[in-house]
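Letters A, B, ... are given to chains in the order of the sequence lines, protein chains preceding strands, and every chain is numbered from 1. Reckoned from all heavy atoms, side chains included, excluding hydrogens, waters and symmetry mates.
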2 protein chains.
Amino acid sequence: MAESRWPTHELPVGDSVSRLTVVEQGADIGAVLAGWLGERDLFVVASRPVWRLHGDAVLSGLEKETSRWTLLEVPDGESAKTPAVAESLWREMASAGARRDCRLLTLGGGSVCDLGAFVAATYMRGVAFSHLPTTLLAQVDAAIGGKSALNLGGIKNLVGVFRQPEHVVAAVEFLATLPGRQLRSGLVEAIKVAALCDGELFERIEDDLDPLLADPRCAAWRDLIAAAQRAKAEVVAADPHEAGERRVLNFGHTLGHALESVLDYEGLTHGEAVAHGMRFAVQLAVGRGLDGDVARRFEALLDRLELTETLQLTGLEVGPLVAAMRQDKKARAEGIVWVLPTGLGSWEAVVLEAELVAEELGRFLASSRDAC
Amino acid sequence: MAESRWPTHELPVGDSVSRLTVVEQGADIGAVLAGWLGERDLFVVASRPVWRLHGDAVLSGLEKETSRWTLLEVPDGESAKTPAVAESLWREMASAGARRDCRLLTLGGGSVCDLGAFVAATYMRGVAFSHLPTTLLAQVDAAIGGKSALNLGGIKNLVGVFRQPEHVVAAVEFLATLPGRQLRSGLVEAIKVAALCDGELFERIEDDLDPLLADPRCAAWRDLIAAAQRAKAEVVAADPHEAGERRVLNFGHTLGHALESVLDYEGLTHGEAVAHGMRFAVQLAVGRGLDGDVARRFEALLDRLELTETLQLTGLEVGPLVAAMRQDKKARAEGIVWVLPTGLGSWEAVVLEAELVAEELGRFLASSRDAC
């Protein structure tokens, strides 16, 4: 059993520990997972396009650690997150004789993390699983925090459980295979957690953004991913089941999710939707006294991602967006909860009246259209 | 909000607490759940026969505590525990606008507990749920311990999660509606946990068995159910995810599950299958040095349940039973784990060679046939 030489951050959550490791170009991923695999049965969940792109490289590492592996192929993207696909994976695992001591590894973006974690968390009441995220968004966000999910009846993430992965291995080399738009969108979640929880990280992104965007092989990526993972991990460790503090991660997501829902998840990436949501939250926060300089720094950093050309707010109306927000999982009987910055690295959660939100949203949509 | 006047045992598991309450004839069940319901949306999971039998009585209590309740009707028995039924309940809840702060209550036997807990634990990553078990088996066993389950591909409980119910309310009055065979079968699980974990409870069952069996309204039922719940609860609290100590609850289940599987869950109740399994485990334990007097006390108490007339071991063969044991969730790569008594109130877990098990099982089946 080989030992990993990569620095690993341990995230204790309840009675479990997630190990977060960022590995550089050409790293042996199998070595990072060696003790965890230990010749046990392994099930790898991946879509065909991702498997074609990364399967050989990943396998060459894993096969040194276990010879008994099975590929569970799933549809690409959100369409994988259905009860039918979950059921087919449960059946495939049972047919292959999977016991509770087997291991499951996801290889892919956020959708594969969500689906694979759900299947692992529910097969025989839970088998150990790890994530090998291939997108920046999944590396800094979706793979961290123990959320698993299926979509149902048009509602995203309606079904799922909280359960922590044992390892999250973020391989920087995957970034070079991402379209630029995906890379920029992934940065939004890193900026989100930095803005409200880690002012130092926010400043580092301000400093490093140009070289990062210019080169997915830039050395600064490793540090950025590790820091963003840790910032999120600290929030999750303090509140694994989203009972309080973890709400901070919802910054930008109240409107973001509503945009995705109203647009039927077409035309906008998740990061783009969240960026819109962050801008709107900043507007609401300024109305409640957020310092104008801080607001401008948030907006300026989002501007530098140059996401705006892909944002399509034209034609959207206030009513359906407010209705979608009311259906959000985080909505409570008493109203919609907003996470708003109160400064760099600080925040508050507030319930705002629907009329106020609708009025502000009308202004926001109008000014976004003007800016196009 | 009314306060319950019934004594409640708190079972802390991880960062959650299950409250176990036994209520007597004519108790107001709504009052026990009052603070928990607190005018929130309530979803009641029950089969049609159970709802017909108990719905009015239960509702009269619940409606004082919340006016917003929805019945989620499910098939009776094990046939309810499918992914398709779970999906239909997720959809019904979403259509009814269920939010994360809603409440789910199961009313029924072990199958409804298993299914309802799974749906609650996975809807929006978990809504609070409680059990109102209507069978003795569910009151002393299935409702306690946070197991949830679906069956799939012919494998019982293949899919599920661990998550604790917030309340388990055992109403003694439900016992009077149970067929005698169900009552006797339910006692097997109480005897199981008493035999290996609580010698005092075992002796109390020895003393009280005749009046208990003679009258489901006998006052001793309340104390028996409360004591059996606590004995199981202590085991669960020490090992909620079945990593070690909790294996003791598998006493009698290694062969018991195999019998149910080979007989396709026909002809034997779960308690009857477990009773068989306990007798076989006692035989194995005697071979490893269990005191003969203790073995005879275990057997004598099971004899007094008079389950034997319903046991159908004729025609069963060793091979398929051993094969079924190898497929059990608790099986590990290195073999089948047996939980065996080492005395009254003490036990060991051992891995036995398949040949030894097969040989002993042949003897056990032969002697059971002779006894018929």
Are more than 12 heavy atoms, taken from residues, nucleotides or ligands other than E166(A), located less than 6.0 Å from that residue's CD atom? yes
Per-residue tally against chain B (heavy atom, under 4.5 Å) across S148(A), G97(A), A121(A) peaks at S148(A)
From CZ (R91(A)) to CG (L152(B)), nearest 0.5 Å: 4.0 Å
Count the heavy atoms belonging to other residues, nucleotides or ligands that lie under 6.0 Å from CD of E353(B), then report whether that count exceeds 12. no
CZ of R99(B) to CZ of R326(A): how many Å apart, nearest 0.5 Å? 10.0 Å
Looking at OH of Y123(A) and CG of L158(B), how far apart are the two atoms once the value is rounded to the nearest 0.5 Å? 5.0 Å
dist E242(A):CD -> M124(B):CE (nearest 0.5 Å) comes out at 11.5 Å
Approximate separation, where rounding is to 0.5 Å, of H241(B) NE2 and R125(A) CZ: 11.0 Å
